[in-house]
Amino acid sequence: MEKIFYTNATEFPNSDAFVLYLLKKYYGKASATISRNENGKPFLDAPLFFSVSHTKTYLFVAFSKENIGIDAEIVNRKTEFQTIIKKFPPLERKEILTQQDFLRHWTVRESAIKWLGGSIAKDLTKLSFYNGKLKYGNVELPVQLSFLNLANHFLCVCSERDFSKVEILSIITN
């Protein structure tokens, strides 16, 4: 049931088309409907959860029986992270010394926001991640964070389950 799929960003016209393709081919759901919550988080009319992340080169989708969030960033992506981390708590900022540290913290935050069904604008400053603990406000979230390196990308999956050893499938249809 738990799987991560990825494909070239140009393989499908959009992420919904990729999700519908996967649902039909791997989960036997030929007539699934994708809806969105008020923050834009996609969800299904079936007892199956998914989350999507995309970069310039790849589209990633994670599926689970439980709520899930995934984020991916290109490993060598350059950002002016010093400006961004000013919104992070001081203890977390101390852990972010390099671009790679920043990408780890950023993917945790994005995957957690997707897991929460929230938005970056509303939730970015409410999250903190330091000493390996993810908190929303002062409450530690009941999730596991799984970190993966795949196709020159750094991924974080936020879920109730460990995703570090799930099946990962590359999808090329042409």
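Using bins of under 30°, 30° to 60° and over 60° for the plane-to-plane angle, the ring pair F5/F63 lands in the perpendicular bin. Taking the six-membered ring where the residue is Trp, Y58 and F60 present tilted rings, their angle falling between 30° and 60°.
The shortest distance between side-chain heavy atoms of F163 and Q144 does not fall below 4.5 Å. Two residues are said to be in side-chain contact when any heavy atoms from C-beta on lie closer than 4.5 Å; V75 and L103 fail this criterion. Using a 4.5 Å heavy-atom cutoff, the side chains of L127 and L141 are in contact. D71 is listed as a side-chain neighbour of W106, based on a closest heavy-atom distance under 4.5 Å. Using a 4.5 Å cut-off on side-chain heavy atoms (C-beta onward), E73 and F102 make no contact. For the pair D16/R36, a side-chain contact is recorded, criterion being any heavy-atom separation below 4.5 Å from C-beta on. Contact of the Y6 side chain with the E11 side chain is not registered, since no non-hydrogen atoms from C-beta on lie closer than 4.5 Å.
Between L59 and N14, the shortest heavy-atom distance links the atoms CD2-O, 4.3 Å. Between S51 and K114, the shortest heavy-atom distance links the atoms OG-CD, 3.6 Å. The shortest non-hydrogen separation linking A72 to S53 is N-OG, 2.9 Å. Between I85 and I96, the shortest heavy-atom distance links the atoms CG2-CD1, 3.7 Å. Across every non-hydrogen atom of A32 and L20, the tightest pair is O-CD2, 3.7 Å. In terms of heavy-atom proximity, K41 sits nearest to N67 at NZ-OD1, 2.7 Å.
A donor atom on one side chain and an acceptor atom on the other are not found under 3.5 Å apart for W115 and E66. Side chain to side chain, T55 and H153 meet the donor-acceptor criterion of an N or O pair below 3.5 Å. Of the N and O atoms on the side chains of T10 and N8, not one donor lies less than 3.5 Å from an acceptor on the other residue.
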* To do: Evaluate the criterion side chain to side chain contact (heavy atoms under 4.5 Å, CB included) for residue pair V108 and F147; output intermediate values, then yes/no.
  => CA-CA 9 Å; V108 165; F147 300 99; 3.5 Å; yes
* **Test side chain to side chain contact (heavy atoms under 4.5 Å, CB included) applied to I34 and F50, step by step** => CA-CA 10 Å; I34 298 173; F50 75 98; 4.1 Å; yes
* **Check against side chain to side chain contact (heavy atoms under 4.5 Å, CB included), L23 and L48** => CA-CA 10 Å; L23 287 169; L48 180 64; 3.6 Å; yes
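Taking CZ from F12 and NE2 from H54, the interatomic distance works out to 15.0 Å, rounded to the nearest 0.5 Å. The distance from the OG atom of S64 to the CD1 atom of I70 is 11.5 Å, given to the nearest 0.5 Å. To the nearest 0.5 Å, atom CG of residue L145 and atom NZ of residue K133 are 11.0 Å apart. Note that the CG atom of L134 and the SG atom of C156 stand 8.5 Å from one another [nearest 0.5 Å]. Atom OH of Y136 sits about 8.5 Å away from atom CD1 of I113, to the nearest 0.5 Å. The NE2 atom of H105 sits 9.0 Å away from the OG1 atom of T107 when rounded to the nearest 0.5 Å.
Looking only at distances, a side-chain donor or acceptor of Q99 sits under 3.5 Å from a matching main-chain atom of R77. Using a distance-only test at 3.5 Å, with no hydrogens or angles considered, a donor-acceptor pair links the side chain of N37 to the main chain of N39. The backbone N or O of M1 sits nowhere less than 3.5 Å from a side-chain atom of Y26 that would complete a donor-acceptor pair.
Y27 and I68 end up in different hydrophobic clusters when Ile, Leu, Val, Met, Phe, Trp and Tyr side chains are linked at under 4.5 Å. Under the 4.5 Å side-chain heavy-atom criterion for grouping Ile, Leu, Val, Met, Phe, Trp and Tyr, Y130 is not connected to V143 through any hydrophobic cluster. At a threshold of 4.5 Å between side-chain heavy atoms, the hydrophobic network of Ile, Leu, Val, Met, Phe, Trp and Tyr places I74 and L155 in two separate groups. Cluster annotation: V61 is not connected to V166 through the hydrophobic network of ILVMFWY side chains, with a link wherever side-chain heavy atoms come within less than 4.5 Å. Hydrophobic clustering, with ILVMFWY side chains joined whenever heavy atoms are under 4.5 angstrom apart, keeps L148 apart from L169.
Checked options K65, K165, R161; the residue passing with E2 is R161 (criterion: side-chain hydrogen bond (donor to acceptor under 3.5 Å, both in side chains)).
Figure legend: R109 and F129 shown without cation-pi pairing, the cationic atom not lying both under 6.0 angstrom from the six-membered ring centre and within 45 degrees of its axis.
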